[in-house]
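Down below is the structure, laid out as structure tokens.
Residue numbering restarts at 1 for every chain, and letters A, B, ... go by the order of the sequence lines.
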Number of protein chains: 2
Amino acid sequence: MAREKIKIKKIDNKTSRQVTFSKRRRGLLKKAQELTVLCDADVALIIFSATGKLFEFASPSMQEMLGKYKHHSNNNLQDDVNEPCLDLQLVEDDEVRLPKEISEKDREMRQLQGHDLQGLTIDELENLESLLHGGLSRVLQTKDEKFGNEISYLQEKGAKLMEENKLLKQQMMMISNGKQLQTMPVEVDDLMNTHEEAGQSSESVTTNMYSCNSGPPTEDDGSDTSLKLGLPFN
Amino acid sequence: MAREKIKIKKIDNKTSRQVTFSKRRRGLLKKAQELTVLCDADVALIIFSATGKLFEFASPSMQEMLGKYKHHSNNNLQDDVNEPCLDLQLVEDDEVRLPKEISEKDREMRQLQGHDLQGLTIDELENLESLLHGGLSRVLQTKDEKFGNEISYLQEKGAKLMEENKLLKQQMMMISNGKQLQTMPVEVDDLMNTHEEAGQSSESVTTNMYSCNSGPPTEDDGSDTSLKLGLPFN
DNA sequence: ACACCTATGTATAAGTT
DNA sequence: TAACTTATACATAGGTG
């Protein structure tokens, strides 16, 4: 339907297969939706990509459509009285299909982790390789994002602590000037303990933060509220 | 999509609504089928006309597709445990363990491929990262081994061919010296065709190998039987 | 990978028989 | 009502940035 006519057979090139899938999937979903509106029909469309990702459309709803479908199917089973019930058949099917599905997934998973590779062709190995590359880069990207968030959070917290610190110093001043203090504020400890996650990776940063506050009270003018942590990230 | 552009809203005229339904239904079913073939996807399409007539397409089969869909739904619907699928007992789970196991494996697999990572902690991400590193290095190692085997094989073959070639040249000498030859040996062709695998990667090597033998008969003393192929691998 | 482009193939709305 | 035709809108294959 475009620059060139194509044969309806599996597209060899993996990339263009993915691209075509994306385009045609969109087209199909759109037309399914149009059919429901234009012709007052009920439509359910379920699409699984080769990689197992699900796309769906249903009107009025998938639940209703599947129920309606099952109802219809059951009605058409008049010819075979010995056929128990679609439900039962489906369940029995599951008992065969599910274990198979599991062992298949196990195999794929092991291969993704670099085991049992001897039986694969070079092409298959290169496919695995690209999957792993993609996965790795996305994992690294996500990790970086999380580090970034962690850092922003700590910087913010640090700024708050510095202000708190400044306030405390002022109060100390007042005390040493002879005035009486009613209660010692403990908000600093509270602040330090409200954020608990992301394990050891945040510890070094936290340690730095502590050192900002536990050191001898230096003379800061308080005009700069952003923490200088010497971070290797941003 | 034709003589006139139409608004996507319910067609008023009952007749033309029916006609349009018929045409578009056929188009939709066709495109659903094309998607399965072209992109190696699994598709289920269920259409009920306004009058309740059923039309459907499914690949690989409606049963399998509905089962698959149900499992996928189970993955993403942990929150509403209270809904026991009331109006229709679709595929009621008598077996709860297997589907759970499958969805768990699906999740792991997707995460190994770098999807749905937002919920993970940095620790978990780093664990994934090391799994991927390990997998990738083993995949690469296996690939290298296979390339290596391929190369050794080709080198061996090449050496044999050179010997064969040498023998033939000697026979040629004898002929040109006036002696009579009974049969022309054809083992060279046989040798060239016995090894068929590893597609394009071996092609360049094979081409080189041909050039070793098809060139003008050079004066080699035959003491060196290892091929110099200029390979990019080892 | 992604979005965009555009020439071309398809689907189809309306007309015709 | 349905089959067939035709002009047009739409979908999309292959290309580019």
Please check: side-chain N/O of Arg17(B) versus main-chain N/O of Ile11(B), any donor-acceptor pairing under 3.5 Å? yes
Tell me whether the OP1 or OP2 atom of [N] has a side-chain N or O from [X] closer than 4.0 Å.
X	N	value
Arg24(A)	dA13(D)	yes
Lys5(A)	dT10(C)	yes
Lys31(A)	dT12(C)	yes
Arg3(B)	dT5(D)	no

Can you find a side-chain donor-acceptor pair between Ser22(B) and Arg26(B) that sits under 3.5 Å? yes
Angle between ring planes, Phe48(A) versus His72(B), binned at 30° and 60°: parallel, tilted or perpendicular? tilted
Starting from the C-alpha separation in whole Å, work towards a yes-or-no answer on side-chain contact (heavy atoms from CB on, under 4.5 Å) for Tyr69(B) and Glu56(A). CA-CA 10 Å; Tyr69(B) 177 78; Glu56(A) 60 179 304; 2.5 Å; yes
Charged N to carboxylate O below 4.0 Å: is that the case for Asp42(B) and Lys68(B)? yes
Interatomic distance, [X] [atom1] vs [N] [atom2] [rounded to whole Å]:
X	N	atom1	atom2	answer
Lys23(A)	dC10(D)	NZ	P	18 Å
Leu38(B)	dG14(D)	CG	P	10 Å
Arg17(A)	dA13(D)	CZ	P	14 Å
Phe21(B)	dT1(D)	CZ	P	15 Å
Glu34(A)	dC10(D)	CD	C1'	9 Å
Lys14(A)	dA1(C)	NZ	P	7 Å
Leu35(B)	dA13(D)	CG	C1'	15 Å
Asn13(A)	dG14(D)	CG	P	10 Å

Please test Arg25(A) against Cys39(B) for side-chain contact (heavy atoms from CB on, under 4.5 Å), starting from the C-alpha separation and ending with a verdict. CA-CA 10 Å; Arg25(A) 187 194 66 220; Cys39(B) 306; over 6 Å; no
For DNA chain D, whose closest nucleotide is more 5', that of Val19(A) or that of Gln18(B)? Gln18(B)
Minimal heavy-atom distance between Met65(A) and Pro60(A), with the atoms involved, is SD-CD, 3.9 Å
Remember a base hit wins even if backbone is also touched, and classify Thr20(A) as base, sugar-phosphate or nothing at under 4.0 Å, heavy atoms. sugar-phosphate
End axis versus end axis in the helix from dC2(C)-dG17(D) to dT17(C)-dA2(D), the angle rounded to 10°, five pairs used at each terminus: 20°
Nearest to the side chain of Lys30(B), heavy atoms from C-beta on, is which of dG14(D), dA11(C), dT12(C)? dA11(C)
